[in-house]
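Below is one structure, written out as structure tokens; the observations come after it.
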Amino acid sequence: MAGMHLLREDALVGSALEFLPTELFPPLFMDAFHGKHIKTLKAMVQAWPFVCLPLGGLIDLPHVGPLQAVLEALDVLLAQKAHSRRCKLQALDLQNTGQNFWKMWSGASTHGFSSLGMAPVAEQSSRTHQPLAPLKVYIELCLKKRTLDNFLTYLLRWVKQREASIYLCCKKLTILAMLMENVMKVLNMVQLDCIQELQVNWIWHLSTLAKFAPLLGQMSNMQRLNLSRIHLSAHEEQEQKVVQFISQFLKLHHLQDLSLDAPSFLEGCLDQMLSFTESDLTYLSQCLNICQLKGLDLSGVTMTDFSPENLHILLEQVAATLQELNLEQCGIPESQLEFILPILSCCSQLRTFSLCGNVLSMAITEKLLSHTTGLINLSEEFYPAPQESYSPHGALHLGQMAQLWDKLVKIMRDLGHPRAIWLSSSP
């Protein structure tokens, strides 16, 4: 009844909101919003006692009309040097979220508040003003028209005029059908490091992807990336554009989910996008629970230029628990392999060990057999045929391999520990 009285008497709103209980703000705001009580709506925004105003939770898609009153009220707040004692507003959420907030205060739900800070802020006893911070505006963008719609045009114009005091944040960006010129126009207004998910369901030319790449590189907190088919023109200079894309893609250090539709443009350079770096090896050895690791598969990781100390440190951390070690097709140099042999002989629980696909001489193979002979749990060993088994042109020489095989059998007998090993040929 008090709320209905306030909505009828606009003149009372300004003074009444100073004393209105926090619990009455959301239901009164909903009534004012849906009843188009513009004066009351503006006054409530300027005295909003919550950190976030989840406006997107009230309407599926905010049009210019109902949004305009809220933005005009925010203009008044942004023009002030400090908020009033009552106002705690720091974020405007235009995403389709926050429904639980409105349901809770209307008595329809007992769900908790969202992570955007919708819980009520305790009233301060003093009447000191709070310093202003940039207002965060959260929006979920779906660019599905060749031109910007009225709502987006209005919002972007409003943000553009207040760039110094507004952070436009978008966590999920979907591009269905929009000219790249308009895409660039929109994203130049957005805090790109806020984007966590990007989905492109529109066929782009490789040149378009290259133009978009610098923006992609700034999306440093990206977790999910879904790219549609990339069209390749017959006479297009592809190599430079692919390099432009890859150089920016490698900046996405938080990427967890990658989906590429027929990525033929990446033929021959996919390993550059998904490479394993020496710093990754260092990070792995520093993980808190690494000492419990049982299986380590580094197959296909090019380690030719890696420092042998990093692999040695990693094996040292897992020597007591490691049961499976796969170093297939790593391009591991013999100098690195010789460096880790002492710590390899300490992996007492090792059961399976593979070095297939690497180029190893007979001399280093003999050393491998010697250092692993004391590993009593080792039951499966896979090694490449010694380098001396091949002709200078890479063809396997069966007669030479047979001689080397006999030599290896004699070495194992001399070591005195029965074991079985597999040798694989890989010209």
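FYI, the numbering just counts along the sequence from 1.
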Plane angle bin for W48 and F50 - parallel if under 30°, tilted between 30 and 60°, otherwise perpendicular: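 Correct class here is tilted.
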Any idea which heavy atoms bring [X] and [Y] closest together, and the distance?
X: L375; Y: S345; result: CD2-O, 3.3 Å
X: W102; Y: P26; result: CZ3-O, 3.7 Å
X: L311; Y: L281; result: N-CD2, 3.8 Å
X: E72; Y: K42; result: OE1-NZ, 2.7 Å
X: A213; Y: F245; result: CB-CA, 3.9 Å
X: L408; Y: T365; result: CD2-CG2, 4.0 Å

As an exercise, state the distance from [atom1] of [X] to [atom2] of [Y], rounded to the nearest 0.5 Å.
X: C356; Y: L423; atom1: SG; atom2: CG; result: 8.5 Å
X: L325; Y: L298; atom1: CG; atom2: CG; result: 7.0 Å
X: R162; Y: L78; atom1: CZ; atom2: CG; result: 7.5 Å
X: E278; Y: F306; atom1: CD; atom2: CZ; result: 5.5 Å
X: I421; Y: L369; atom1: CD1; atom2: CG; result: 5.0 Å
X: N201; Y: L143; atom1: CG; atom2: CG; result: 12.0 Å

Stepwise side chain to side chain contact (heavy atoms under 4.5 Å, CB included) test for W158 and I166: CA-CA 10 Å; W158 183 79; I166 297 290; 3.7 Å; yes
K410/D414 salt bridge by N-O under 4.0 Å criterion: yes
Check against side chain to side chain donor-acceptor pair (under 3.5 Å), K251 and Q248: CA-CA 6 Å; K251 297 178 182 179; Q248 300 298 321; 3.2 Å; yes
Atom pairs and distances, side-chain donor-acceptor, residues 327-334, under 3.5 Å, sequence neighbours left out:
residue, atom, partner, partner atom, Å
E328, OE2, S354, OG, 2.7
E334, OE1, S361, OG, 3.3
E334, OE2, S361, N, 2.5
E334, OE2, S361, OG, 2.8

Stepwise side chain to side chain contact (heavy atoms under 4.5 Å, CB included) test for L355 and Y383: CA-CA 5 Å; L355 275 167; Y383 300 116; 4.3 Å; yes
Throw together a table of side-chain donor-acceptor distances under 3.5 angstrom for residues 312-324, partners on residues two or more places apart or in other chains.
residue, atom, partner, partner atom, Å
T321, OG1, C291, O, 3.2
T321, OG1, L293, O, 2.5

Flag side-chain contact, heavy atom, 4.5 Å: I230 against W204: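 Side chain of I230 against side chain of W204, heavy atoms only: contact under 4.5 Å found.
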L337 vs L368, side chain to side chain contact (heavy atoms under 4.5 Å, CB included): CA-CA, chis, key distance, verdict: CA-CA 9 Å; L337 192 56; L368 266 169; 3.9 Å; yes
With sequence neighbours excluded, residues passing side chain to side chain donor-acceptor pair (under 3.5 Å) with E338: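 For E338 the side chain to side chain donor-acceptor pair (under 3.5 Å) partners, ignoring immediate neighbours, are K367.
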Intermediate values then yes/no, side chain to side chain contact (heavy atoms under 4.5 Å, CB included), Y138 and L94: CA-CA 6 Å; Y138 291 91; L94 296 177; over 6 Å; no
S370 side chain to E366 backbone, donor-acceptor under 3.5 Å: no
